[in-house]
Amino acid sequence: MAVDKELLQLDLYALLGVGEKASDKEVKKAYRQKALTCHPDKNPDNPRAEELFHQLSQALAVLTDAAARAAYDKVRKAKKQAAERTQKLDERRKKVKLDLEAREREAQAHVSEEEEIRITRTLEQEIIRLREEGSRQLEEQQKLMRDQIRLEREPRVQGKPDGNGVEGKGTPKLKLRWKCKKDDETKGGYSKEVLLQILQKYGEVLNLVISSKKTGSAVVEFATVKAAEMAVKNEVGLINNPLKISWLEGQPQNNPSMKFPDGSSQPRASQDSVVSERDYESLVMMRMRQAAERQQLIEQLKREDEEESHT
């Protein structure tokens, strides 16, 4: 299998936007970010997308394989050193240099050509080996990317029961409010991570957006109406800065057939704030099992990004 000559001319580090000392994790992260933007499935009208996606895939294959990367670094270093030497010479010195080296060039031409052919052939052989054997790193990253694109395209199921017998026209959304000054870097104690920890115990959280314009305000989207109801009824937030939670969208209609111990169709205040521990745990475990398959890939990507951010 022939090696793409254009690949030997590319700066693979610049193509991925990483430094020469980038780790495999950094290379893979950069590949995902670049490749997702130019994936042919996302750019059907851009004829350059497939070519760029192919170049990014080759760059990942070379830079995540130790032998191929070492061979490429040698070629790149040789070209870089030659370019730097030429750039540093001004026109006068360059002319003198060319005159003085004219005689030596003929003698050294053959040796230099053989050396260049040798190191270039080493890189070509490594690239051919990667293509024949298949790049495990490339396959893993492309699989993750295909799964991510599939999840992005996965349509939301509208107007179907949410698993708790409640029908709605979409996923429920709640508005969150708390006290927060504009210059408070702690955001009143409620970062996105803190809010997720507080809310995810009621069920799967699909989206959480903290307002960038209005301090102390956020919108959360739950996967089920039941999880949203439990959050509205029971969550108070931090003791020193309570949360105010209200319905924004998807609030279920009151069920007149539902009666409570006092004979009313609405629960008492004490009933609003108390949930049986056994029922609560059973509901959470049921929702977690239902969401396990869908969350597996998302959690895997999240863990990788967190690990990379700490390195």
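Just so we're clear, the structure is a prediction, and the values are computed from it rather than from any experiment. Side chains are part of it too, since the values below use all heavy atoms of this structure and drop only hydrogens, waters and symmetry mates.
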Quick one: does [X]'s side chain get under 4.5 Å of [Y]'s, heavy atoms only?
| X | Y | result |
| --- | --- | --- |
| Tyr31 | Thr64 | no |
| Leu208 | Lys192 | yes |
| Leu63 | Tyr72 | yes |
| Lys214 | Arg177 | yes |
| Leu206 | Phe222 | no |
| Arg76 | Asp11 | yes |
| Leu243 | Tyr190 | yes |
| Glu229 | Trp247 | yes |

Shortest non-hydrogen contact from [X] to [Y]?
| X | Y | result |
| --- | --- | --- |
| Arg129 | Ala67 | NH2-CB, 4.2 Å |
| Gly188 | Cys180 | N-SG, 3.7 Å |
| Ala231 | Ile245 | O-CD1, 3.7 Å |
| Ile210 | Ala218 | CA-CB, 3.9 Å |
| Leu130 | Ala61 | CD1-O, 3.3 Å |
| Gly203 | Ala227 | CA-CB, 3.9 Å |

Checklist entry - Between Thr37 (side chain) and Lys34 (backbone), is there a donor-acceptor pair under 3.5 Å? => result yes
Checklist entry - Looking only at atom types and distance, does a side-chain atom of Asn234 sit under 3.5 Å from a main-chain N or O of Met230, one as donor and one as acceptor? => result yes
Kindly check if the number of other-residue, nucleotide or ligand heavy atoms within 6.0 Å of [atom1] ([X]) is above 12?
| X | atom1 | answer |
| --- | --- | --- |
| Glu50 | CD | no |
| Leu100 | CG | yes |
| Glu84 | CD | yes |
| Lys173 | NZ | yes |
| Lys181 | NZ | no |

Find the distance between [atom1] ([X]) and [atom2] ([Y]) and round it off to the nearest 0.5 Å.
| X | Y | atom1 | atom2 | result |
| --- | --- | --- | --- | --- |
| Arg69 | Glu126 | CZ | CD | 14.0 Å |
| Glu124 | Thr122 | CD | OG1 | 9.0 Å |
| Leu16 | Arg32 | CG | CZ | 12.0 Å |
| Leu52 | Leu15 | CG | CG | 6.0 Å |
| Glu235 | Leu174 | CD | CG | 11.0 Å |
| Glu221 | Glu249 | CD | CD | 8.0 Å |

Same cluster (ILVMFWY, side-chain, under 4.5 Å), [X] and [Y]:
| X | Y | result |
| --- | --- | --- |
| Leu36 | Val18 | yes |
| Leu196 | Val232 | yes |
| Leu248 | Ile198 | no |
| Val219 | Tyr202 | no |
| Leu195 | Val209 | no |

Next on the checklist: Looking at Lys29 and Glu26, is any side-chain nitrogen of the basic one under 4.0 Å from a carboxylate oxygen of the acidic one?
Outcome noted: no
Checklist entry - Step by step, would you call Lys187 with Thr215 a side chain to side chain contact (heavy atoms under 4.5 Å, CB included)? => result CA-CA 8 Å; Lys187 298 180 180 179; Thr215 57; over 6 Å; no
Item to check | Arg118/Glu115 under side chain to side chain contact (heavy atoms under 4.5 Å, CB included): CA gap, chis, key distance, verdict | outcome: CA-CA 5 Å; Arg118 184 185 65 81; Glu115 176 66 12; 2.7 Å; yes
Checklist entry - Yes or no on side chain to side chain contact (heavy atoms under 4.5 Å, CB included) for Gln9 and Lys79, after CA distance, side-chain angles and deciding distance? => result CA-CA 10 Å; Gln9 305 302 322; Lys79 291 182 178 179; 3.5 Å; yes
